[in-house]
Amino acid sequence: MAMKQTRSRHEALALGAEELLKIYRHMLSARRTDERMWILNRQGKAAFVVSCQGQEAAQVGAAYNLRPGHDYAYPYYRDAGIVMTLGMTARDQLLSLMGKGEDPNSGGRQMPGHFSSRELNIVTASAPIGVQFPQAAGTALAFKMRKEDGVVLASGGEASTSGGDWHEAMNFAGVHDLPVVFLVQNNVYSISTPEPLQVAGSIAARAEGYGFPGVAVDGNDVLAVYEVARGAVERARRGEGPTLIEAKTYRLTGHSSDDDDRRYREREEIEEWRLKDPIPRFERYLLENGVLDEEGRDEIDGKVKAEVKEASDYAENAPFAESGFALEGVYAVVGGKR
Amino acid sequence: MAMKQTRSRHEALALGAEELLKIYRHMLSARRTDERMWILNRQGKAAFVVSCQGQEAAQVGAAYNLRPGHDYAYPYYRDAGIVMTLGMTARDQLLSLMGKGEDPNSGGRQMPGHFSSRELNIVTASAPIGVQFPQAAGTALAFKMRKEDGVVLASGGEASTSGGDWHEAMNFAGVHDLPVVFLVQNNVYSISTPEPLQVAGSIAARAEGYGFPGVAVDGNDVLAVYEVARGAVERARRGEGPTLIEAKTYRLTGHSSDDDDRRYREREEIEEWRLKDPIPRFERYLLENGVLDEEGRDEIDGKVKAEVKEASDYAENAPFAESGFALEGVYAVVGGKR
Amino acid sequence: MTTKSLLQAIHDGLAGEMRADETVMVLGEDVGRAGGVFRVTEGLQEEFGEYRVMDTPLAESLIAGAAIGLSVNGMRPVAEIQFADFIPPAFDQIVSEAARFYYRSGGAYYVPITVRVPYGVVPGGALYHSQSVEAWFCNTPGLKVVAPTYPADAEGLLRSAIRDPNPVVFFEHKRCYRLLKEEVPEGGAVVPVGKARIHRAGTDLTVVSYGFVLHQALEVAEKLSTEHGVEAEVVEPLTLYPLDRGTIVDSAKKTGKVLVASEANLTGSVSAEIAAVVAREAFEWLDAPVMRLGAPDVPTAPFAKPLLESFMPGAEKIEAALLELARY
Amino acid sequence: MTTKSLLQAIHDGLAGEMRADETVMVLGEDVGRAGGVFRVTEGLQEEFGEYRVMDTPLAESLIAGAAIGLSVNGMRPVAEIQFADFIPPAFDQIVSEAARFYYRSGGAYYVPITVRVPYGVVPGGALYHSQSVEAWFCNTPGLKVVAPTYPADAEGLLRSAIRDPNPVVFFEHKRCYRLLKEEVPEGGAVVPVGKARIHRAGTDLTVVSYGFVLHQALEVAEKLSTEHGVEAEVVEPLTLYPLDRGTIVDSAKKTGKVLVASEANLTGSVSAEIAAVVAREAFEWLDAPVMRLGAPDVPTAPFAKPLLESFMPGAEKIEAALLELARY
Ligand SMILES: Cc1ncc(C[n+]2csc(CCOP(=O)(O)OP(=O)(O)O)c2C)c(N)n1
Ligand SMILES: Cc1ncc(C[n+]2csc(CCOP(=O)(O)OP(=O)(O)O)c2C)c(N)n1
Ligand SMILES: [Mg+2]
Ligand SMILES: [Mg+2]
C-alpha cells in the first residue's frame with residue numbers, strides 16, 4: 001500500500017491476530033481441499049470437480065460476518081469457502097465429491113458443490129443458476145416479519161445476474177428493505193463466455209436503480225471484502241435493507257473438470273491473475289504485519305493438509321448409500337416429525 | 001411555463017402546425033375510441049374494456065417517431081395511442097372490442113387490446129406481462145445483423161419491469177447496443193398495487209446499470225415525450241444503442257371494466273390527475289400558441305367523433321368469424337406461401 | 001354447518017388456517033388491499049396485516065421463489081398466481097426447486113408451500129385467461145397437485161395442503177367459484193391429499209372428471225339414469241398427482257367402461273395418464289375402450305362468444321360418449 | 001454418404017442449413033467460441049461469425065424470446081438450451097409465446113424457430129443434468145416436439161425443423177451423441193416432422209420407444225428373436241407432438257401387444273398419451289394390456305454410480321416386460 005496509515009488495515013477493522021488466522025485458515029482449507037479434489041479426479045477417483053480456486057477471499061471475507069446456524073446462506077457451487085467458513089469440513093466436501101452416503105449435502109444424490117446443511121442454515125443448492133435469489137429474499141422476509149435480526153447471504157457468479165430471478169429478487173428486496181446481502185463473484189467468465197458478452201454496464205452500479213447500495217470490491221483482497229461485507233451485514237441486521245456486493249475476482253481453474261479452457265482464454269491472462277492469487281496475497285499481508293511467520297505458516301499448512309488427507313482417506317473408504325436410497329424420500333411424510 | 005423562451009417549444013422541436021395537429025388528432029382518436037368502448041360496455045354490447053385514458057401523450061408522443069411498417073412496435077394492452085398513431089383505426093379497435101371476424105388483431109380470438117398488424121410491424125401482443133421485451137430485443141438484433149436502420153419500440157406498464165423478462169432484455173440490449181427503445185408508462189398502479197410496492201428505487205435510473213441512458217419524463221406532456229423519444233429513436237437509428245424512457249403518467253379509468261378501483265385508491269387522487277389530463281393540456285398549448293382555435297378544435301373533435309361513431313356502427317353490424325375459425329389455423333403450413 | 005360457494009370455502013380455508021397457525025401467510029398480486037381479482041382473499045389483509053397478506057410485485061418467479069425461502073425459514077406461505085396462464089414464469093421455482101428440495105437435500109429441507117392457481121375457461125377469458133395447465137405439473141415427483149371442484153372438498157383440501165410438508169399446487173376452476181353452494185362443516189371437512197372421491201355410485205360405466213366438466217358429467221349421469229336407466233359412477237380424482245389409482249381402477253373394474261373427461265387440451269392432458277393406468281390395470285375387466293373427452297388441440301377458448309361454443313367439451317358430447325360406451 | 005455420430009449429424013445439419021440460408025443462425029450459452037459444452041456447434045462461429053453464432057448471456061427466457069423476435073424480423077434462429085434441465089425459465093416464451101403467435105394473430109405472425117435441447121441421463125449428471133422433460137411441451141397446440149435418436153433421422157429432422165414455419169423443440173439424448181455412427185446421405189436425409197419410423201418390423205408385439213431406451217429396446221428385440229423366436233416391431237415416434245398416431249396404432253393392430261418405453265418419469269410422461277391412444281384406437285385388436293416402462297417417479301438419476309443403476313429402466317426390465325407380453 002502506497003498510502004501511509006497510522007494503524008494497520010486489520011487494526012482499523014478491529015480484527016485481532018486470532019481472527020486473522022481463522023480467516024487465513026478457512027481460505028487455506030478451501031484451497032487445499034479443492035487441490036485434493038483435482039488429484040482425486042486425475043486418479044480417476046472423482047468424476048467431477050468444480051473449484052473455488054481464486055475466489056476464496058471473496059467467499060471467506062463475506063461469510064466470516066455471518067452467525068452460523070442463525071443467519072442463512074444461499075451459496076453457489078464454487079462457494080466451498082463460504083460453507084467451510086460456516087462450519088462444513090474438508091471431510092464433508094470429499095464425501096460429497098465421491099457421492100458417498102455420508103455426503104451431508106444429499107447423500108450422494110447431487111453432484112459435488114451443491115451444498116446443504118440444515119444445522120448451519122446453508123440452504124440446499126441447485127444447479128439452475130440464479131434460483132437462489134428469490135428464495136433468499138423470502139428467507140429474509142421471514143426474519144423481517146418476525147422482527148428478528150437474522151441476515152441472509154445470497155451468492156452467485158456474474159452470470160447469475162443475467163437471469164430474471166436475480167432482478168426480481170433485487171427489486172423485492174429493495175421494496176421491503178429486506179435483510180439480505182447479494183454477493184456476486186465476478187470472475188470474468190461464465191464457462192467460456194467473457195464478461196463483456198454477459199454483463200451490460202456494471203453489476204455494482206445496478207443496486208442504485210433498486211434504491212440500495214451497491215459496492216464493487218477487489219474480490220482477491222480478503223480484508224477489503226470483509227470490510228464491505230461487514231458493513232452490509234450490519235446494515236441488514238439493523239433493518240436498513242439489502243446491499244449488493246460485486247467482488248471482482250478470477251477463476252483460476254477451468255470451469256469444471258469437464259471444461260477445456262484453452263478454447264476461450266489465453267494462458268497469459270491466467271498467469272497474470274495468478275500473481276493476484278488471494279491466498280499468497282493474504283499470506284504476505286500476515287507476514288508483513290507480523291501476524292504470521294514462515295514457520296507458523298508451514299505449521300498451519302501442514303495441519304490443513306493433514307486434515308484434508310485424512311478427510312480424503314475417510315471419504316474414499318466411506319460406503320455409498322444403499323441403492324434403494326435413490327428411490328425413496330421423494331415426499332416428506334404428512335404429520336412427520338417436522 | 002415560467003421560463004421565458006425565444007421560440008415556442010414546438011418550434012424548438014421543429015414541429016410544424018400540421019404535425020402538431022396530427023399528434024393532437026391521434027391522441028383524441030384514441031381517447032374518443034376508448035370512451036365509445038365504455039359506452040358499449042355499459043350498454044351490454046362489449047364485455048371487456050381496457051383503457052388508454054390518461055396515457056395518450058406518452059403513447060402518441062413516442063410512436064410518432066416511428067416509421068410505420070418499417071420500424072417495429074411491441075405495444076401493451078393500453079397502447080391504443082401507439083397503434084393508432086402507426087395506422088390502426090377506430091374501426092379496428094371496435095371490431096376487436098366486439099370480437100368480430102374482421103378484428104385485425106386476431107379475428108376475435110384474443111381479448112381486446114391485444115394488438116397485431118403484420119403490415120404495420122405491430123407484433124401480436126400477449127396477455128402475460130413483460131414477454132415482449134426479449135422479443136423486441138431479438139427483433140432489434142435482426143436489424144443490427146443486417147445493418148439496417150430499423151428501430152424497435154417496446155412498451156409496457158411499470159409493473160412490466162418487475163418480471164425477469166424486462167431485465168434480461170435490458171441487459172442483452174446493453175451488451176449489443178441494440179436499436180430498441182424501452183418505453184415504460186408508469187401510471188402509479190398495477191391493478192390495485194401502488195408503485196411503492198411494485199418498484200424499488202427508480203425505473204429510469206436503472207438504465208445506467210446496464211450502460212445506456214435512462215430518462216424520466218412527464219408522460220402527460222406530449223411534447224416532452226416526443227422530444228425524449230425522438231432522441232432515443234435517432235440514437236438507436238444511428239446504431240448507438242438502446243434507451244429507456246420512463247413516462248410518468250396516470251391511469252384515469254379503472255384497470256379494466258372488470259375492476260372496481262374504489263377498493264384501492266381515493267377519488268381525490270384521480271381528480272388531481274384529471275387536472276393534468278394530457279389531452280386538454282395539449283389542447284391548451286395549441287390554443288395558446290395559435291395552432292388551433294376553439295372552432296378548429298370543435299371541428300376536429302366532431303370529425304373524430306363521427307369517425308368513431310361510424311366505426312362503432314360498422315363493428316356492431318359486422319359478423320363474427322365462422323365458428324369453425326376457433327378450431328383451425330393452429331399451425332402454419334409447411335411450404336406455405338411464407 | 002354453513003352453506004358456501006367454492007370461492008367462500010377457499011376464503012374460509014385460508015382464514016381458518018391463518019387464525020390457527022401464525023406462520024400461515026398469503027402472498028401474490030393484488031391479494032391485499034383489493035382482496036384478489038376474484039375476491040378470494042377479501043378481508044384477509046384487514047385481519048392479518050400487510051405482511052401476512054402481501055401484495056407482491058408482478059413477478060411470478062419471485063412469488064414462488066420467495067414462498068420457498070419463507071417456508072425454509074419457518075413460514076407456511078400460500079402463494080396466489082393470478083391466473084393459471086401466468087404461472088409459466090414460476091415454473092422453474094415450482095418444478096425444479098420446491099419439488100426437489102426434500103429429495104436433493106436427503107430429507108433435510110422441506111418446502112411446505114401451497115400455490116393457488118385459478119384455471120379454466122370463463123366466457124370472455126380467451127387465450128390467456130382460460131387455460132387448463134395442470135398437466136405441466138403432473139410429471140414432477142416431489143410435487144403434489146390437487147384440483148377440487150366442490151366447496152367442502154376445496155376447503156378441506158386447502159387445509160390439508162397448507163399443513164402438508166410438501167409443495168402443493170392447488171387448482172381452482174374459475175367458473176365453479178360461484179356456481180353452487182354446499183354445506184361445509186365448521187372448521188372444514190377433513191379431505192386428505194391423495195384420495196379420490198366417488199360422487200355418484202353406479203354399475204354400468206365410470207366417468208372420471210374434475211372441474212367444470214365434472215358438474216356437466218354429474219348432470220348427464222342423472223339424465224342417463226332417468227332417461228336410459230344407465231347408472232354411471234362418477235369419480236373425481238381430487239388429487240391429480242400422485243393419482244389415487246386404486247379408487248379409479250376399482251371403479252373401472254366394477255363397471256368395465258370408462259370415460260375420462262376434462263377441459264384441458266386433450267393430447268398430453270392428465271386424462272392420458274388416467275386412461276393409460278385404467279387400460280393397463282383394469283384390462284381384463286374392460287368391456288369397451290377407455291374413452292377420453294377434452295378440449296380440441298387448439299390454443300384455447302376464443303374471446304368471441306360464438307367461437308367459444310365450439311371449443312368446450314359440453315354436456316352433449318359427454319352424453320354421446322357415455323351412450324356410445326353404454327351400447328358398446 | 002458419410003458415416004456420422006448423432007452429434008456430428010446435428011452439427012452438419014446446422015452447418016448445412018446455415019450455408020444454404022443466410023437467415024439461419026444459432027444462439028445460446030457457450031455455443032460460439034467454445035462450440036457448445038457438447039461441441040455440437042464447434043467451428044460454426046469461425047465460419048459464420050459472432051452474430052450468426054452468438055454466445056448469449058445466461059438467460060434462457062431471453063434466448064427463447066429473442067429467437068422469437070428475430071424470427072418475426074426475417075431470421076430463422078436455432079436456439080440452444082444448454083441442458084434440458086435449464087429450460088424452465090424459457091417455458092413461458094416457448095409455450096405461451098412461440099406456440100401461440102400464429103393462432104393468436106389469426107395467421108399473420110409465424111415463428112420459425114428451433115429450440116435444441118440436450119436431455120437424458122448421463123452417468124454423473126445427477127438431478128439437474130439428466131432429466132427427460134419432453135412431456136412439459138406435449139400439451140401445447142401450436143408447438144411441435146421432435147426427439148430423434150439416430151444420426152440420419154436427426155440430421156433430416158433438424159433440417160425439416162429449421163425450415164418449418166412453426167416453433168419446434170428438438171430433443172437430443174446426450175448419451176446417444178457418440179454412441180454409434182450411421183451412414184447419412186450428403187445434404188441430409190429428408191425426414192419430415194410428424195412421421196414415426198419403424199426400425200424393425202415384427203408380428204408378435206410392438207415396442208414404441210425413443211432416446212437411449214430405444215437402443216436398448218432394439219437390442220432386446222434382436223435377442224428375443226434369436227432366443228425366443230418372438231418378433232418385436234420397434235416403432236420410434238420421432239415426433240412426440242403432434243404424434244403420428246396412424247403408424248403407432250397400425251402397428252398395435254398388427255401385433256395386438258404393445259410396450260411403450262422411455263426414460264422419463266413414468267407418471268405423466270409422453271408414454272401415457274401413446275398408451276391412451278393405443279388403448280383406445282386399437283382396443284379391439286389388443287391381446288394384452290398396453291404396458292409402459294419408464295424411470296420411477298423419483299426426481300432423477302442420482303450422482304453416485306451405484307445409486308444410478310437402480311434408476312434406469314434398462315434392458316432386463318424391457319426384456320421382462322416383452323416376455324410377459326409375449327406370454328400374455
Ligand atoms: C439456468 C441455467 N442455465 C445454464 C446453466 C449451465 N451453467 C452452469 S454454470 C454456468 C456459468 C455460470 O457462470 P457464473 O455465474 O459467472 O459463475 P462461475 O462459474 O463463473 O463462477 C452455466 C452456463 C445452469 N446451470 N443453469
Ligand atoms: C405474467 C402476468 N402476471 C399477471 C398478470 C395479470 N395482470 C394483468 S395487467 C396487471 C397489472 C399490470 O400493471 P402495469 O404493468 O403497471 O400496467 P398498467 O395496467 O398499470 O398499465 C396484472 C397483474 C398478467 N397479465 N401477466
Ligand atoms: Mg463467472
Ligand atoms: Mg401501471
Side-chain angles (χ1 to χ4, degrees), chain A residues 72 74 101 103-110 114 116-119 121-128 130-146 148 150 152 154 163-165 167-169 171-172 175-176 178 180 321 325-326 328-336 338, chain C residues 22-23 25 27 49-52 54-75 77 79 89-90 92-93 95-113 140-144 160 163-167 192-194 242:
Chain A
Y72 274 76
Y74 282 85
D103 154 33
N105 300 329
S106 72
R109 284 171 177 164
Q110 291 234 71
H114 293 60
S116 174
S117 165
R118 183 65 265 193
E119 298 68 37
N121 287 349
I122 294 167
V123 181
T124 170
S126 198
V131 292
Q132 69 273 37
F133 297 116
Q135 297 165 16
T139 297
L141 175 59
F143 279 139
K144 174 157 183 156
M145 287 174 69
R146 293 195 301 262
E148 293 170 2
V152 182
D165 272 1
H167 163 73
E168 296 187 10
N171 184 48
F172 189 62
V175 163
H176 292 287
L178 298 179
V180 53
F325 182 67
E328 60 192 36
V330 176
Y331 291 95
V333 178
V334 182
R338 316 224 157 261
Chain C
E22 64 179 16
T23 70
M25 62 178 290
L27 73 167
E50 294 205 342
Y51 278 88
R52 277 182 73 197
M54 176 177 273
D55 282 323
T56 64
L58 200 164
E60 283 77 9
S61 186
L62 181 275
I63 293 170
I68 294 170
L70 282 157
S71 81
V72 156
N73 195 0
M75 306 301 288
D92 201 22
Q93 290 287 352
V95 158
S96 305
E97 295 298 301
R100 305 318 205 187
F101 263 45
Y102 188 72
Y103 183 80
R104 83 183 188 206
S105 69
Y109 280 97
Y110 68 113
V111 177
I113 68 171
T140 297
L143 203 60
K144 297 185 179 181
S160 299
R163 293 174 201 177
D164 200 292
N166 301 286
V193 177

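So you know, we letter chains A, B, ... as the sequences are listed, proteins then strands, and number each from 1.
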Open item on the list: For the backbone of Ser117(A) and the side chain of Tyr109(C), can you confirm whether one donor and one acceptor N or O come within less than 3.5 Å of each other?
Closed with: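 Side chain of Tyr109(C) to backbone of Ser117(A), a donor-acceptor pair under 3.5 Å: yes, one is there.
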- [ ] Examine distances only and state if a side-chain atom of Gln132(A) and a backbone atom of Val123(A) form a donor-acceptor pair shorter than 3.5 Å.
- [x] no
With respect to chain C, which residue among [options] yields the maximal number of heavy-atom pairs within a distance under 4.5 Å?
options: Pro128(A), Ser116(A), Ser106(A); value: Ser106(A)
options: Val152(A), Asn171(A), Ile122(A); value: Ile122(A)
options: Arg146(A), His114(A), Glu328(A), Glu168(A); value: Glu168(A)
options: Ala125(A), Ala127(A), Gly107(A); value: Ala125(A)

How close do [X] and [Y] get, heavy atom to heavy atom, and via which atoms?
X: Val95(C); Y: Ala99(C); value: O-CB, 3.5 Å
X: Pro165(C); Y: Val334(A); value: CD-CA, 3.8 Å
X: Asp103(A); Y: Asn105(A); value: OD1-N, 2.8 Å

Proximal component of [X], with respect to chain C [non-hydrogen, under 4.5 Å]:
X: Ala154(A); value: neither
X: Ala321(A); value: neither
X: Phe143(A); value: both

TODO: Check whether any side-chain heavy atom of Tyr72(A) lies under 4.5 Å from a side-chain heavy atom of Val180(A), and answer yes or no.
DONE: no
Open item on the list: Would you say that Pro242(C) contacts Tyr331(A) through its side chain, given a criterion of any heavy-atom pair below 4.5 Å between the two side chains?
Closed with: yes
Please rank [options] by heavy-atom pairs under 4.5 Å with chain A and give me the top one.
options: Pro192(C), Gly106(C), Pro141(C), Ser105(C); result: Ser105(C)
options: Asn166(C), Ile68(C), Leu27(C), Asp164(C); result: Asn166(C)
options: Met25(C), Arg104(C), Lys144(C), Met75(C); result: Arg104(C)
options: Gly142(C), Pro167(C), Ala64(C), Ser160(C); result: Gly142(C)

Task: Which portion of Arg52(C) sits near chain A, non-hydrogen atoms under 4.5 angstrom - done: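 It is both, since atoms from each part get that close.
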- [ ] Tell me, for Leu143(C) versus chain A, whether the close heavy atoms (under 4.5 Å) come from the side chain, the backbone, both or neither.
- [x] backbone
- [ ] Kindly write out the residues that satisfy side chain to side chain contact (heavy atoms under 4.5 Å, CB included) with His176(A), not counting sequence neighbours, or none if the list is empty.
- [x] Phe172(A), Leu178(A), Leu197(B), Tyr51(C), Met54(C)
TODO: State, without any angle test, whether Glu60(C) and Gln93(C) hold a side-chain donor-acceptor pair at a distance under 3.5 Å.
DONE: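 No.
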